[in-house]
Amino acid sequence: MLTVHFETEVETLKKVCADLGENYEAGGTFFVLREDDEPVGFMRTQMGDYVRITHFKVKNGEINRENRDFFLHAMMFKFSLSPIPLEVEGHIPELEKFGFRYEDGFMRIDDSRDINLHGDCKGV
């Protein structure tokens with residue numbers, strides 16, 4: 001079963017980051033995707049004028065697209081519950097279906113309650 005949780009346990013975060021080829025960076029907020037209680041992905045965010053998504057990695061994300069799709073949609077749902085502005089650096093066309101727009105080098109949405117959760121889950 002796939003689950004997504006806010007994570008504060010440093011050893012868990014270090015392990016999942018290392019498993020996904022990333023260095024653990026203290027600070028920010030981490031969400032961890034688990035498959036049958038085993039960490040298989042993470043998202044890291046930082047607060048600023050916008051809540052910036054700095055990392056989004058899933059183990060074997062290219063092979064197992066279902067886990068990646070689930071994680072992305074689960075996080076968009078979680079963000080849609082609060083009125084926060086979100087941004088991700090770079091032009092990422094897959095975020096357009098959620099209502100993000102590209103400006104000044106970032107994909108942005110000014111109010112996460114406006115995230116479109118009814119879009120197609122395929123092709124993310």
Side-chain angles (χ1 to χ4, degrees):
M1 175 189 333
L2 293 173
T3 59
V4 176
H5 297 282
F6 170 71
E7 183 66 59
T8 59
E9 173 55 47
V10 173
E11 292 308 312
T12 298
L13 294 171
K14 285 181 179 179
K15 180 184 181 326
V16 73
C17 288
D19 287 350
L20 294 168
E22 296 288 335
N23 291 320
Y24 169 75
E25 297 176 39
T29 302
F30 285 84
F31 300 89
V32 172
L33 172 68
R34 295 177 189 275
E35 184 170 23
D36 299 324
D37 294 325
E38 180 67 26
V40 295
F42 78 98
M43 178 183 279
R44 181 177 181 266
T45 64
Q46 288 182 298
M47 298 296 292
D49 291 338
Y50 281 75
V51 172
R52 181 176 294 176
I53 299 170
T54 62
H55 294 80
F56 179 77
K57 289 278 220 158
V58 176
K59 193 179 221 178
N60 299 321
E62 299 78 30
I63 298 167
N64 190 349
R65 302 281 301 168
E66 295 83 13
N67 283 4
R68 187 178 185 285
D69 292 349
F70 171 82
F71 192 22
L72 182 59
H73 280 78
M75 290 308 303
M76 290 299 118
F77 173 75
K78 284 182 178 274
F79 290 134
S80 76
L81 299 175
S82 300
I84 57 172
L86 289 169
E87 71 179 8
V88 181
E89 190 169 8
H91 183 241
I92 305 165
E94 68 186 296
L95 293 176
E96 291 172 357
K97 69 182 175 187
F98 293 106
F100 285 74
R101 70 192 179 290
Y102 182 70
E103 66 180 28
D104 301 324
F106 291 89
M107 297 299 294
R108 290 187 170 137
I109 193 162
D110 293 327
D111 187 331
S112 57
R113 294 173 298 181
D114 294 332
I115 290 174
N116 176 12
L117 296 173
H118 304 291
D120 180 17
C121 292
K122 302 289 185 218
V124 175

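By convention here, the first residue in the shown sequence is residue 1. Since the structure is predicted, the reported quantities are computational estimates derived from the model, not experimental observations.
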Nearest heavy-atom neighbours spanning [X] and [Y]:
X: Arg101; Y: Glu103; answer: NE-OE1, 3.1 Å
X: Pro83; Y: Asp111; answer: CA-OD1, 3.4 Å
X: Gly27; Y: Phe30; answer: O-CE1, 3.5 Å
X: Ser112; Y: Leu86; answer: CB-CD1, 4.0 Å
X: Met107; Y: Leu95; answer: CB-CD1, 4.0 Å

Is [Y] reachable from [X] through a run of I, L, V, M, F, W or Y residues, each pair having side-chain heavy atoms under 4.5 Å apart?
X: Leu2; Y: Val16; answer: no
X: Tyr50; Y: Phe106; answer: no
X: Leu13; Y: Leu20; answer: yes

Exercise for review: With ring pair (Phe, Tyr, Trp, His ring centres under 6.0 Å) as the test, would you mind laying out the steps for His73 and Phe98 before giving the verdict?
Suggested key: CA-CA 9 Å; His73 280 78; Phe98 293 106; 4.9 Å; yes

Exercise for review: Carefully, step by step, assess Phe42 and Tyr24 under the rule ring pair (Phe, Tyr, Trp, His ring centres under 6.0 Å).
Suggested key: CA-CA 11 Å; Phe42 78 98; Tyr24 169 75; 9.1 Å; no

Check your understanding: Can Phe77 and Val4 be said to form a side chain to side chain contact (heavy atoms under 4.5 Å, CB included), step by step?
Key -> CA-CA 11 Å; Phe77 173 75; Val4 176; over 6 Å; no

Spatial distance of atom [atom1] ([X]) from atom [atom2] ([Y]) [nearest 0.5 Å]:
X: Cys17; Y: Arg44; atom1: SG; atom2: CZ; value: 8.5 Å
X: Glu22; Y: Lys14; atom1: CD; atom2: NZ; value: 15.5 Å
X: Glu35; Y: Phe71; atom1: CD; atom2: CZ; value: 12.5 Å
X: Ile84; Y: Arg113; atom1: CD1; atom2: CZ; value: 10.5 Å
X: Asp19; Y: Lys57; atom1: CG; atom2: NZ; value: 11.5 Å

Revision key, fill the gap. By side chain to side chain donor-acceptor pair (under 3.5 Å), Glu96 pairs with (sequence neighbours left out) His91

Check your understanding: Considering only heavy atoms from C-beta outward, does the side chain of Glu9 approach that of Glu11 to under 4.5 Å?
Key -> yes

**Study point:** Lys78 side chain reached by Phe6 side chain, heavy atoms, under 4.5 Å
**Key:** no

Review point. Can you list the steps and then say if Thr12 with Arg34 is a side chain to side chain contact (heavy atoms under 4.5 Å, CB included)?
Key: CA-CA 11 Å; Thr12 298; Arg34 295 177 189 275; 3.7 Å; yes

**Study point:** Residue pair Leu72, Phe56: steps toward the side chain to side chain contact (heavy atoms under 4.5 Å, CB included) verdict
**Key:** CA-CA 8 Å; Leu72 182 59; Phe56 179 77; 3.9 Å; yes

Review point. Would a distance-only check, ignoring hydrogens and angles, find a side-chain to backbone donor-acceptor pair under 3.5 Å from Asn116 to Lys97?
Key: yes

Revision key, fill the gap. side-chain contact (heavy atoms from CB on, under 4.5 Å) test vs Phe70 passes for just one of Thr3, Val58, Leu33, namely Leu33

Exercise for review: For a side-chain contact (heavy atoms from CB on, under 4.5 Å) with Met43, tell me which candidate from Val32, Ile53, Thr54 qualifies.
Suggested key: Ile53

**Study point:** side chain to side chain contact (heavy atoms under 4.5 Å, CB included) assessment of Glu25 paired with Gln46
**Key:** CA-CA 11 Å; Glu25 297 176 39; Gln46 288 182 298; 5.5 Å; no

Practice item. Check the pair Lys15, Glu38 against salt bridge (charged side-chain N to carboxylate O under 4.0 Å, His left out), reporting the backbone distance first and the verdict last. Key: CA-CA 11 Å; Lys15 180 184 181 326; Glu38 180 67 26; 3.6 Å; yes

